[in-house]
Amino acid sequence: MATGSLRTVAALIALGTTSCALDNGLARTPSMGWMTWERFRCTTDAPGQGNPSCADDPSNCISETLIKEHADILALPEWRAAGYTYVDLDDCWEDWHRTSDGKLAPNNTRFPSGMKALGDYVHSKGLQFGTYNDIGTRTCSGYPGACNDTVCTLPGYMDLDAATYAGWGIDSLKMDGCNSVPTPAEMDAAYEHMGAALNASGRPILYSCSWPFYVDQGSLNWTAVRDTCNLWRVNGDIQDSWRSLQEVIDWMGDHGGNQTHPSPWRAVAGPGAWNNPNVLIIGNFGLSRTQAEAQMALWAIMAAPLLMGNDLRNLDPEMKAILLADEVIAVDQDPLGKQGGRVVHFPCDPDGGCGCCAHDVWMRELANGDLAVVLWFRGEDGTHSEIAVLWPDLGIADPGQRYTVRDLFKKVDLGVFAGEFSAFVDIDGVVMVRMTPIPEHKVYPPYSPTSNCSVGDWVHTVGAYDTGCSPNVTTFSGLTPTAALARCCGNPSCAGFSITQGSSDCAGYFKEDANCGNTTAAGYDGWTRRAAIPTWGV
């Protein structure tokens, strides 16, 4: 801090940092919408697919009717307000062969209006239209892929397909990796080329990659994945069961590292680039209410895309309420974009079952300094259990730091806690809370001005007072401390100001959070109480 004969009032600002990602302007928060695959699979008119035929099960047929019906539902106010905007058509929409000029084409029986008209319909509802293909010679269900040979000699059909998608008005493309050579030499180049082709198409198209799932992740260049894809899969397919859901969650927890040392794939995630643990199966056949809340909560902690794989036409109201839980969605969509993870894992006893004590705690840091925390009870003893989390488990250094805690599913404030938080949690279920820190105001000795502290002019001095902060952002030259206080408290960019008049006896640093109710950068000290600020002058 400057001292001596200078008379100083200076304003400071602390700057954050962000990571780089694919620069197509899309998915600045995790994408939200609905996708056909998990619930409707490949219900078509094709023999030998292991699914019902459209003739036998017309209401569940992969068709333009199915897409329009779900677009009509997602256009309703409650779904629009929640943020579910993508209507994504997965595998089995294509004709079995490309056209004579090499272009993709939809099955003309199930999509008689064509893809452009279907996209126009979805767009007319204020929604976005997505589709699917594969970095291989065939899709997973055997339809034409983007490569024209087994080693995917570039460019294959990718440039042509990207132009086709743009012409149809496609907003999102999922690229699978079946029927390909799963080695970095083929996969890396192919996924990167497809991404470049989409970016050159003249239309912003969200790019969802299955790339990391098909290759050795230990040797994968995760920076290249982040710079190529908006979303990417890191684990296997989810199925419609509680067992499958737990396997996906445990994989993410086991391989995700921690807040301080995240795994490579977790470290590169952020605005524009997200890990995708697969779709939400909420509202299908495999989950109870408590289990559905667990998936919704943990997907939000993982900053995962919220893509529903269900039948919105026949959705149980209880499940709909979970999918529309706005305070949980707000965690998923938090603008900081920092993926959370598991911080406590008390597993089941492999010899004695899950008993009364098996549980996890997951946590995510949020943009405003809040924390989102999930207590997940994994026992089997027939009753709920009280689960506690200690502040050190959450990376909170000060055990005396107080937090207000709010239940996000129940929308109830639970009170103020310090040192730990606990709650009763149902079997398979979660309690998801948002923890907001309460600023702790230090008490400093009363200010005792000396004869050097007389009325005078105040002069701005250039420079920062802490190496962690940026230079001064504005001048408070000529202001009294009282006027500077009022200006700083009214400016969200002002972290505080220093005062110097006459000599060091009259110098100090005024930290805004103690008197204005705002949280600012740590590391400042000085006279912070309003009563301790000099009041000479006007």
- Is there a side-chain contact between Trp242 and Leu287 (heavy atoms, below 4.5 Å)? yes
- Contact check, side chains of Val374 and Val431, non-hydrogen atoms, under 4.5 Å: no
- Task: List the atom of Arg378, the atom of Gln246, and the distance in Å for their closest heavy-atom pair.
- Result: NH2-OE1, 3.2 Å
- Item | Side-chain heavy-atom pair Asn310, Leu315 within 4.5 angstrom cut-off | yes
- Message: Holding to side-chain contact (heavy atoms from CB on, under 4.5 Å), I want the full list of residues that pass it with Thr164, two or more places apart in sequence or in another chain.
- Response: Lys103, Leu160, Trp168
- Is a side-chain donor or acceptor of Asp360 paired with a backbone partner of Trp376 at a separation under 3.5 angstrom? no
- In this structure, CE of Met175 is separated from CG of Leu198 (nearest 0.5 Å) by 8.0 Å
- Between Thr139 and Ser141, is any side-chain donor less than 3.5 angstrom from a side-chain acceptor? no
- Please answer whether the main-chain N or O of Pro212 pairs with a side-chain N or O of Gln217 as donor and acceptor at a distance below 3.5 Å. yes
- N-O pairing of Arg289 and Asp316 below 4.0 Å: no
- Item | Test log, rule side-chain contact (heavy atoms from CB on, under 4.5 Å), inputs Thr131 and Leu173 | CA-CA 5 Å; Thr131 193; Leu173 176 67; 4.0 Å; yes
- Query: Would you call Lys338-Asp334 a salt bridge at under 4.0 Å N-O?
  - Reply: no
- First locate atom OH of Tyr165, then atom OG of Ser172, and finally report the distance between them rounded to the nearest 0.5 Å. 11.0 Å
- Heavy-atom pair with the smallest gap, counting every atom of Leu394 and Met363: O-CE, 3.2 Å
- Query: Looking only at heavy atoms, which two atoms of Cys357 and Phe377 are closest? And how far apart?
  - Reply: N-CE1, 4.4 Å
- Lys/Arg N to Asp/Glu carboxylate O, Arg98 vs Asp161, below 4.0 Å: yes
- Message: Going by side-chain hydrogen bond (donor to acceptor under 3.5 Å, both in side chains), name the pairs with one or both residues in residues 382-393, residues two or more places apart or in two chains.
- Response: Glu386-Ser422
- Taken to the nearest 0.5 Å, the spacing of Trp93 CH2 from Phe111 CZ works out to 8.5 Å
- Query: Heavy-atom distance under 4.5 Å between the side chains of Lys411 and Arg406, does that happen here?
  - Reply: yes
- Message: Could you check whether Asp91 pairs with Lys174 (Lys NZ or Arg NE/NH1/NH2 to Asp/Glu carboxylate O, under 4.0 Å)?
- Response: no
- Kindly indicate, with the supporting measurements, whether the criterion side-chain contact (heavy atoms from CB on, under 4.5 Å) is fulfilled by Met296 and Ile329. CA-CA 8 Å; Met296 191 72 181; Ile329 292 172; 3.8 Å; yes
- Query: Are Lys68 and Asp72 ion-paired here, with the side-chain N under 4.0 Å from a carboxylate O?
  - Reply: no
- Query: Which value, rounded to the nearest 0.5 Å, describes the distance between Thr36 atom OG1 and Leu307 atom CG?
  - Reply: 11.0 Å
- Query: Quick one: does Arg434's side chain have a donor or acceptor within less than 3.5 Å of a partner on Asp370's backbone?
  - Reply: no
- Quick one: are Tyr214 and Ile135 in side-chain contact, heavy atoms under 4.5 Å? no
- Do Trp34 and Tyr86 make the cut of ring centroids closer than 6.0 angstrom? no
- Just checking, any donor-acceptor pair under 3.5 angstrom between side chains of Trp232 and Asn275? yes
- Determine, stepwise, if the pair Ile67 / Leu118 fulfils side-chain contact (heavy atoms from CB on, under 4.5 Å). CA-CA 8 Å; Ile67 297 301; Leu118 183 56; 3.9 Å; yes
- Is the closest side-chain donor-acceptor distance between Asp188 and Trp211 under 3.5 Å? yes
- Heavy atoms of Val279 and Glu38 approach each other most closely as CG2-CB, 3.7 Å
- Show the numbers, then the answer: is there a salt bridge (charged side-chain N to carboxylate O under 4.0 Å, His left out) between Asp176 and Arg233? CA-CA 9 Å; Asp176 218 326; Arg233 288 278 303 280; over 6 Å; no
- Message: Please give me the minimum heavy-atom distance between Gln295 and Ile282, naming the atom from each residue.
- Response: OE1-CG1, 3.5 Å
- Report yes if the distance between the aromatic ring centroids of Trp274 and Trp299 is under 6.0 Å, otherwise no. no
- Query: Are any non-hydrogen side-chain atoms of Trp265 and His255 less than 4.5 angstrom apart?
  - Reply: yes
- Salt-bridge present (Glu69, Arg313; N to O < 4.0 Å): yes
- Query: Quick one: are Lys320 and Trp79 in side-chain contact, heavy atoms under 4.5 Å?
  - Reply: yes
- Task: Flag the pair Thr44 / Tyr143 as yes when at least one side-chain heavy-atom distance between them is below 4.5 Å, and no otherwise.
- Result: yes
- Message: Side chains of Asn133 and Glu94: any donor to acceptor distance under 3.5 Å?
- Response: yes
- Provide the closest heavy-atom pair for Ala303 versus Gln339 in the form atom of the first, atom of the second, distance. CB-CA, 4.1 Å
- Message: Once rounded to the nearest 0.5 Å, what's the spacing between atom OG of Ser31 and atom CG of Leu306?
- Response: 8.0 Å
- Message: Side chains of Asp57 and Thr43: any donor to acceptor distance under 3.5 Å?
- Response: no
- Asn278/Asn235 under side-chain hydrogen bond (donor to acceptor under 3.5 Å, both in side chains): CA gap, chis, key distance, verdict: CA-CA 8 Å; Asn278 216 321; Asn235 57 326; over 6 Å; no
- Message: Working note: Asp311 + Asn60, criterion side-chain contact (heavy atoms from CB on, under 4.5 Å); need CA distance, chi angles, decisive distance, verdict.
- Response: CA-CA 9 Å; Asp311 186 349; Asn60 294 321; 4.1 Å; yes
- Out of curiosity, Met319 CE to Glu293 CD, how far, rounded to the nearest 0.5 Å? 9.0 Å
- Would you check if there is a donor-acceptor pair between the side chains of Asp250 and His345 at a distance under 3.5 Å? no
- Applied to residues 56-90, the disulfide (SG to SG under 2.5 Å) test, sequence neighbours excluded, yields Cys54-Cys61
